[in-house]
Number of protein chains: 2
Amino acid sequence: MDPITSSVSAGDGARSEPKYSETATRILDAAEGLFVELGMEATSLRLITQQAGVNLAAVNYHFRSKDALFEAVFLRRFGPWATECLKELDTLEGRVAAGEEALTAEAVVRSYVRPALALSKDPARGGVMFVRLFSRVLVENHRQLRETMSRQYGELVTRYTRALGRALPGLTEQEVEWRMHLGFSVMFHAFAGNDILKVFGRSAVSARDPDMIVKHMVPFVVAGLTSPPAGRSDR
Amino acid sequence: MDPITSSVSAGDGARSEPKYSETATRILDAAEGLFVELGMEATSLRLITQQAGVNLAAVNYHFRSKDALFEAVFLRRFGPWATECLKELDTLEGRVAAGEEALTAEAVVRSYVRPALALSKDPARGGVMFVRLFSRVLVENHRQLRETMSRQYGELVTRYTRALGRALPGLTEQEVEWRMHLGFSVMFHAFAGNDILKVFGRSAVSARDPDMIVKHMVPFVVAGLTSPPAGRSDR
DNA sequence: GTATGTTTCAAACGAGTGTTCGAGTTGTGG
DNA sequence: CCACAACTCGAACACTCGTTTGAAACATAC
């Protein structure tokens, strides 16, 4: 029987983290690094399997297709991150409801930065790979993956928009969405190290220490989010 | 004789905008759109030449190779943008020296946003294509292109760093570089429409009107740039 | 007219792509 | 021991890829 259906859907309708066999894991690990470094199109299955030390046909056996492999590589990291984000939001909103904390933009930002930071510092969960992969997904056009994301993780963005809206009263819904977009964008690309200075060969900065990144990025993002509303009219 | 050497280097050592034959231009136009939409690796020369209505071999005749074509596609837009940015910086610094204007972060930001905005609104110069292409170059790894950039356009980033440093006294050189990186990153990805909400299928926002983008992005970036320095210590 | 240099074109080249297939191997329960 | 499923493996399939070639078409100058 093919191992795909047995691992991805674990029975009920709830989202679940599939367990992978050792071979499948080796493939995922190798593919992750190569997708991040070379991009999905430029990475061949032969390179992946060679680096993973498995047979070429194993990819199609375990993942059906290259596209499905990419999706699996991404979701393996994205799932846990999203789960942790929702948990952070839960506790934050709990504390706010209990009057123990104010719902500030910084608190919201930290609730999604913290899981990303934890991931970045944990090599066992892919380290900085996930963020770099995400920054690629933002720019490239993985239609199939986007469908999965909007189907399975729509709740995430809905809840963040609502929380940010409450943290930033005085802003229209459109303005909130704009700042969400900009704030998340900065985080992922900053973590991923997509540095303009690097493109120009002036990369003294990107020391790639995740703590350093957070230190510089969070104040930047918070300042952007909390800046006074843009001009009143719509032109 | 091959037309490459005759167009790219126009004699002296100065950077020059090469003139392209009609066939070469058709190729550049088609390639630009496809590289932006599909990425360089996923775009085949056959697709480009078919869409451009030229023979397949024309690419290698006019541009030597696919890699060189990509570089040409990018530099055709980047060159004019960089030139205009330097011009804006010149006039800004001139007015500052004459005491007619203060050197604010916003003025610096606008000096690189304005050329990008002008480009985005001018279909004859590629419209929004250039910014989207740049956002891809930020994420992907075009080694050859990066060498060209750092060789030919190092001045651009040097001058911006210096200007921003003067506009933001009180910041260390490292902090200035960090904010440069973050500020430019936001601009390109915002213009390019690399929207997180879009990935999740909640894309009510990205109306893609360049003026709208500027309206929301500039205050965000300026607020981030001018925010108080991060914590004093280095941890 | 011929000669010369530039540009186009159809066809092919060899290498590399994702995917499939069927035989082989391994491991587990009866 | 056997049957049966899960898994691995080498070989092949049917393409597509970027690039090259050599002959034709075109332009320009003498």
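Lettering follows sequence order; numbering is per chain, from 1. Please read these numbers as outputs of a predicted model, since none were measured by experiment.
Distance CD (A:Q50) to P (D:dC9): 14 Å, rounded to an integer number of Å. Regarding B:I48, its CD1 atom lies at a distance of 11 Å from the P atom of D:dT19, rounded to whole Å. Rounded to an integer number of Å, the gap from CG of B:L38 to P of D:dC17 is 11 Å.
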Polar atom pairs (N or O), protein with nucleotides 22-28 of chain D, under 3.5 Å:
none

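Judged by distance alone, the side chains of A:S111 and A:Y160 do bring a donor and an acceptor atom under 3.5 Å apart. B:T148 and B:E71 form a side-chain donor-acceptor contact under 3.5 Å, judged by distance and modelled atom types alone.
With respect to the salt-bridge test (charged N to carboxylate O, under 4.0 angstrom), the residues A:E32 and A:R77 qualify. A salt bridge links A:R125 to A:E84: at least one charged side-chain nitrogen sits closer than 4.0 Å to a carboxylate oxygen. Salt bridge B:E41/B:K66: absent, no basic N to carboxylate O contact under 4.0 Å.
B:F70 has its ring centre less than 6.0 Å from the ring centre of B:F35.
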Return a single string for nucleotides 10-20 of chain C, one symbol per nucleotide in 5' to 3' order, where B is base contact, S is sugar-phosphate-only contact and - is none, cutoff 4.0 angstrom on heavy atoms. B-B----BBBB

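Each of A:F134, A:F78, A:Y112 was compared with A:F188 under the ring-ring contact (aromatic ring centres under 6.0 Å, His included) criterion, and only A:F134 meets it.
Considering only side-chain N and O atoms, B:T23 lies nowhere under 4.0 angstrom from the phosphate OP1 or OP2 of C:dT7. Under 4.0 angstrom from either OP1 or OP2 of C:dT6 there lies no side-chain N or O belonging to B:H62.
Proximity of B:V113 to B:M217: side-chain heavy atoms (C-beta onward) are separated by under 4.5 Å at one or more points.
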